[in-house]
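Input: a single structure, listed below in structure tokens.
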Amino acid sequence: MAHAIETHGLTRRFDGRLAVDGLSLAIEAGTVFGFLGPNGAGKTTTVRMLAALIAPTDGDAIVAGHALGVDDTALRRSVGILTEQPGLYDRLSARQNLRYFARLYDLDAARVDAQVERYLHLLELWDRRDEPVGTFSKGMRQKLAIARALLHEPPVVFLDEPTAALDPEAARTVREFVKGLRAEGRTIFLTTHNLPEADELCDSIGIFQCRLLRMGSPRELRAGLFGAGTVVRVVGDAARLVPLARSLRFVRTAHAEGDTLTLELEDPETRNPELVDALAAAGARIRYVERLQHSLEDVYLRLVGGHK
Amino acid sequence: MKKALIVLEKEWLELRLQRALLWATLILPPLITALAVATFFVVGKISSGVSLPATPLPPEFAGLSLLEIGQAIVGKQFSTLFLLLPIFIPSVLASYAIVGEKRERTLEPVLATPIRTWELLLGKMLAALIPALGITIASAALFVAGVLAFAVTDRVRAVVVTPGWILAVLVDTPLLGLIGVALIVVLSSRVNDPRTAQQISAVLIVPVLGLLFGQLAGVVVLGPPLALGIGVILAAIAAASLWFAARVFQREVILTRWR
């Protein structure tokens, strides 16, 4: 599959301070890429470079088929960007805001109104189209800003924290919309702090803190950092079973919390019967045996925490 | 160029929705004109009781009667105000168009479009300059009509509406306005409040006030050569200001250095 975004050693310094250090990545067209990292990690700087808003100090990139720094105007025409702040004109109506940007994105006169109407309908803002944006809720503003980023039908869309500060319902609408964009074959570059959201939406994820710490699908990231494991819930306190568990040669780690014993072990599917027998022989009364599932948050915290 | 016009159209749309700002700014020239013409008319009727000022009179006042001098002084004083308006009005409009947009964080999405920064800058500058110059020149024309209608003699008309003043209004005021807007752009990189930008840009009125007092003191005669000479100097300053403003108004600078 072709790459919608490719970067090679993309670097940006501000007055000698390194903000982005040698970022190299390739994002397949038609996928959602999650770009995760703590505040100040350089995510917004990266997005700005890829959207041809600021120039890299070093390295190069190809975005939507356009090499960065060669024809940045054409590149900007091929990408849509939802900036960290919605940045809408409060006195203008939703329709006036979108018309302004549609024209700036070079849509011909006949298409301007059609596209504005299409996205106002798609994002459920049509009924409020002629009201000043200053009267809109945060969710409505965010949806309008997303519409603005899509008016010119860009193949690559950068969404910087699209659901930040939205109520659960509005956030869900936005997430569903992002899924719809992927279904249309667009490539989404998503920065977010919402890890369950990234887990739900993203085909691949890059964990970033000035440099790319790890990249892969959510499943690959989990498997790469954590071994397979088993969670056993018992009657009573599980702590007494920890020494026994650790004595088993196939158990890598074991710890207890309340009635729950969490173990990382080699090949759980083969070893679980042996584990259960050993625990039962030691007097444990077992309620449940479950597969150990690590969240993306665990992956993120281990990588970012480890990097710190 | 097409995108500069799109920006200009949007700026005017926003301006129309800011009624208070629009009225407060654009009502000033007609008000000053009305006041100038009314005062000019009244002085022409009552100045027989007015005594001459203690300061020496400008040379062009030589041979005028007391009545004529009274009207001529009022006319001269008010005529200079038309050189101040093009500094004041575009500064107010531009500060809301640029500093206001910076404060509302609406610039980044615009910069993400295929617009070139010079198109954005040109659109914003024209949006501030065109209404300011239009209303100033229209008001100046009304002032001229008032002077021609109410001057007690032709000699007063000749002293107030001089070729030098007309040249200054037509040539120097657009340049002063341009310098004012360029200064606002430069200030935008440092300030976040449109009022602060306006206050700082008010420093531009000092040379114009110098011209006013120089004329009244008889030290400066605003003839065509001086008006054109000032125009040349202003054109050089405007070019330098625009160059500096264009350097400040770049995507990279706006996004990474404007605070």
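Every chain is numbered from 1 and lettered A, B, ... according to where its sequence line falls, protein lines coming before strand lines.
Within the 4.5 angstrom heavy-atom criterion, only side-chain atoms of B:E9, from C-beta onward, approach chain A. With a 4.5 Å cut-off on non-hydrogen atoms, A:N97 does not touch chain B at all. For a residue to count as touching a neighbouring chain, one of its non-hydrogen atoms must lie under 4.5 Å from one of that chain's; by this rule B:Q250 does not touch chain A. In this structure, no portion of A:P132 lies under 4.5 Å from any heavy atom of chain B. With a 4.5 angstrom heavy-atom cutoff, A:Q96 touches chain B only via side-chain atoms. Contact of B:V253 with chain A is not made at all, since no heavy-atom distance falls under 4.5 Å.
The closest side-chain donor-acceptor pair between A:Y119 and A:E153 falls under 3.5 angstrom.
Contacts with chain A were tallied for B:E119, B:E14, B:R116; B:E14 has the most, counting heavy-atom pairs under 4.5 Å.
Two residues are said to be in side-chain contact when any heavy atoms from C-beta on lie closer than 4.5 Å; B:E104 and A:Y89 fail this criterion.
Separation of the A:F35 and A:F189 ring centroids falls under the 6.0 Å cut-off. Aromatic ring centres of B:F82 and B:F143 lie closer together than 6.0 Å.
A salt bridge links A:D106 and B:K3; the closest N-O separation between the charged side-chain nitrogens and carboxylate oxygens is under 4.0 Å.
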